[in-house]
Amino acid sequence: MSKFKVVVTDWEYDDLRFEEAVFHQYPEIELIAAQCRTEEEVIEACWDADALINQYAPLSKSVIEKLGKCKVITRYGVGVNTIDLEAATAKGICVANVPDYCMDEVADHALALLLSAKRKVVAANQNVKKGLWDFKVTQPIHRLRGQVLGLVGFGKIPQSLAEKVKPLGFKVVAYDPYYPVGEAEKKGVQLASLEELCRISDVISVHAPLTEGTRGMINDSLFSVMKSTALLINTSRGPVVDEQDLIDALESGEIGGAALDVIEDEPISVSHPFLSMENVIITPHVAWYSEEAAKEMRTKAALGAVDVLICKEFPKYLVNVQVKEQSQLKSSQPENRYVMS
């Protein structure tokens, strides 16, 4: 009896030990490791695969149309912008992600960026190392209590961040057209339009997923209404913020600063303007990371393939729910295999 073929299209880890640990329990599955960078390489490695686990390799319509046996694509992480969802759905392929593996990590990192920027920790550290032991080089610093944090998006991560900043005395507002006003009020958060949020907030933290509707949504029209002291934090996806508009706003003093974990094109170019800006803190897309989060993400991505191939169920974290209309899979069942120790 032939085995199910599961291909990891690409990965940036030292090994695949967590994925191997999952599939070791299922002798019906053969795990194939590839390192695809182009559409042609994906097609060559995956044309006869039953399932794909994907990180950054492009899974465009032209790729998906050439997948002869694929039943499920799972993606490391939350975003699925590498995958043509419409093409996958048309072909009856389930697409799954891992939306809950790093909620604390990203919220914690956003908070760390907020505190580092508002308390000017990075600037103070750099000045001390240059031999400047003088608090005046960080002036002005303002008290956090009473400031307004604006959250662009109000999913689980920004909700976690809201709870973390309230003891610091922040007032929290959020923009999320899909979140019920009454539910936000129960959490002590006021919903506002995006423009109003940008107008009143001292800190704007971006948590919107990257879609065609959100690409470039934070742009010059919003920078123009922000406070001149405003801090922009982005731990979601770089292209949600129009990068050139942000550079212009920072260089002109239209806003006070930015603290970024993501940019439009990663990794950053050595000539990028952000690297020479004293009012910018930048980290290398690390907000998601902890040892525990990495294990959880990779394990759950593998389990998404098990759901479909072995259990004949829709994956627990199904993204393209429209595929249910053309599939005979069972509804996902709660299973203790997803409980992370």
Any side-chain heavy-atom pair of Leu210 and Ser236 under 4.5 Å: no

Ile247-Ile218 co-clustered via ILVMFWY side chain contacts under 4.5 Å: yes

Are the side chain of Thr214 and the backbone N or O of Thr211 linked by a donor-acceptor pair below 3.5 Å? yes

Please assess Leu31 against Tyr26 for the test side chain to side chain contact (heavy atoms under 4.5 Å, CB included), listing each intermediate value before the final yes or no. CA-CA 10 Å; Leu31 178 64; Tyr26 302 97; over 6 Å; no

Interatomic distance, CD1@Ile43 vs CG@Asp48, rounded to 0.5 Å, equals 13.0 Å

Please assess Gln159 against Met103 for the test side chain to side chain contact (heavy atoms under 4.5 Å, CB included), listing each intermediate value before the final yes or no. CA-CA 10 Å; Gln159 287 177 38; Met103 292 183 294; over 6 Å; no

Tyr101 vs Trp288 aromatic rings, parallel, tilted or perpendicular, using cut-offs 30° and 60°? tilted

Donor-acceptor pair, side chain of Thr283 and main chain of Val286, under 3.5 angstrom: no

According to salt bridge (charged side-chain N to carboxylate O under 4.0 Å, His left out), who are the partners of Glu39, at least two apart in sequence or on a separate chain? none

Could you tell me whether Glu183 and Lys186 make a salt bridge, using a distance below 4.0 angstrom between a side-chain N and a carboxylate O? yes

Would a 4.5 Å heavy-atom cut-off, applied to side chains only, mark Cys46 and Leu67 as touching? yes

Counting only N and O atoms by type, is there a donor-acceptor contact under 3.5 Å from the side chain of Lys120 to the main-chain atoms of Thr138? yes

To the nearest 0.5 Å, how far apart are CD in Glu65 and CG in Asp84? 8.5 Å

N-O pairing of Glu19 and Arg298 below 4.0 Å: yes

When you group the ILVMFWY residues by side-chain heavy-atom contacts below 4.5 Å and let the links chain together, are Ile64 and Val323 in the same group? no

Do other residues, nucleotides or ligands put more than 12 heavy atoms under 6.0 Å from Lys227 NZ? yes

Mind checking salt bridge (charged side-chain N to carboxylate O under 4.0 Å, His left out) for Lys130 and listing every partner two or more places apart, or none if nothing turns up? none

Stepwise salt bridge (Lys or Arg N to Asp or Glu O under 4.0 Å) test for Lys71 and Asp50: CA-CA 6 Å; Lys71 302 172 184 65; Asp50 296 284; 3.1 Å; yes

As a quick check of understanding, evaluate ring-ring contact (aromatic ring centres under 6.0 Å, His included) for Tyr13 and Tyr76, giving each step before the final call. CA-CA 11 Å; Tyr13 318 115; Tyr76 292 124; 5.4 Å; yes

With a 3.5 Å cut-off and no angle check, do the side chains of Glu12 and Gln55 form a donor-acceptor pair? yes

Heavy-atom check, side chain of Ile83 versus side chain of Asn54, under 4.5 Å: yes

For Leu231, the hydrophobic cluster (side chain heavy atoms closer than 4.5 Å, chained through members) also holds Leu111, Leu113, Leu114, Leu115, Val122, Leu144, Leu149, Leu151, Phe154, Leu161, Val165, Leu168, Phe170, Val172, Tyr179, Val189, Val203, Ile233, Ile281

Atom CE in Met226, atom CG in Leu232: separation rounded to 0.5 Å? 5.5 Å

May I have all residue pairs that pass salt bridge (Lys or Arg N to Asp or Glu O under 4.0 Å) and include part of residues 248-270, sequence neighbours excluded? none

Find out whether the Lys NZ or Arg CZ of Lys316 is both under 6.0 angstrom from the six-membered ring centre of Tyr338 and within 45° of the ring's axis. yes

Is Leu260 close to Phe274 at the side-chain level, that is, under 4.5 Å between some pair of heavy atoms? yes

One thing to verify: whether Lys295 and Glu292 come together as a salt bridge, which I'm taking to mean a side-chain N less than 4.0 angstrom from a carboxylate O. no

Under a 4.5 Å side-chain heavy-atom rule over Ile, Leu, Val, Met, Phe, Trp and Tyr, are Ile255 and Leu197 clustered together? yes

Side-chain heavy atoms nearer than 4.5 Å, only ILVMFWY residues, links allowed to pass through others: does that put Val7 and Val95 together? yes

With sequence neighbours left out, write down each residue that passes side chain to side chain donor-acceptor pair (under 3.5 Å) with Ser193, or none if nothing qualifies. none

For side chain to side chain contact (heavy atoms under 4.5 Å, CB included), just list the numbers for Phe18 and Met297, CA-CA rounded to whole Å, side-chain angles, deciding distance to a tenth of an Å, and then say yes or no. CA-CA 9 Å; Phe18 299 123; Met297 174 184 67; over 6 Å; no

Quick one: CG on Asp202 to NE2 on His142, what's the gap to the nearest 0.5 Å? 9.5 Å

Carboxylate-amine/guanidinium proximity below 4.0 Å for Glu195 and Arg199: yes

Close side-chain approach of Asp245 and Phe223, heavy atoms under 4.5 Å: yes

After noting the C-alpha distance and the side-chain angles of His272 and Glu243, does the key distance pass the side chain to side chain donor-acceptor pair (under 3.5 Å) rule? CA-CA 11 Å; His272 198 292; Glu243 196 163 281; 2.7 Å; yes

State whether the side chain of Asn127 and the backbone N or O of Ala124 hold a donor-acceptor pair below 3.5 Å, judged by distance alone. no

Determine yes or no for a side-chain-to-main-chain donor-acceptor pair under 3.5 angstrom, with Asp134 supplying the side chain and Val137 the backbone. no

Is it the case that the side chain of Asp104 and the backbone of Ala107 share a donor-acceptor pair, with hydrogens and angles ignored and the cut-off at 3.5 Å? no

Partner of Tyr317 by side chain to side chain donor-acceptor pair (under 3.5 Å), out of Asp307, Asn97, Asp100: Asp100

OG1 (Thr89) and CG (Asn320) are apart, to the nearest 0.5 Å, by 3.5 Å

For Glu105, side-chain contact (heavy atoms from CB on, under 4.5 Å) partners two or more places apart: Cys102, Ser290, Ala293

Backbone N or O of Glu41 within a donor-acceptor pair of the Arg37 side chain at under 3.5 Å? no

Heavy-atom check, side chain of Lys61 versus side chain of Lys91, under 4.5 Å: no

Between atom SG of Cys70 and atom CD1 of Ile93, what is the distance when rounded to the nearest 0.5 Å? 4.5 Å

Ignoring hydrogens, what is the shortest heavy-atom contact between Ile263 and Ile282? Give both atom names and the distance. CG2-CD1, 3.7 Å

Could you check whether any side-chain N or O of Asp10 sits under 3.5 Å from a backbone N or O of Cys36, counting only pairs where one atom can act as donor and the other as acceptor? no

So Val152 and Ile204, side chain to side chain contact (heavy atoms under 4.5 Å, CB included) or not? Walk me through it. CA-CA 7 Å; Val152 180; Ile204 297 100; 3.7 Å; yes

Just one of Ile32, Leu52, Ile73 clears the side chain to side chain contact (heavy atoms under 4.5 Å, CB included) bar with Thr9, so which one? Leu52

Side-chain donor/acceptor of Ser201 to backbone N/O of Cys198, under 3.5 Å: no

Please check if Val262 and Val98 belong to a single hydrophobic cluster, counting links between Ile, Leu, Val, Met, Phe, Trp and Tyr side chain heavy atoms closer than 4.5 Å. no

Can you check whether Asp220 reaches Asp242 side chain to side chain, under 4.5 Å on heavy atoms? no

Residue pair Glu313 / Val308, side-chain heavy-atom distance below 4.5 Å: no

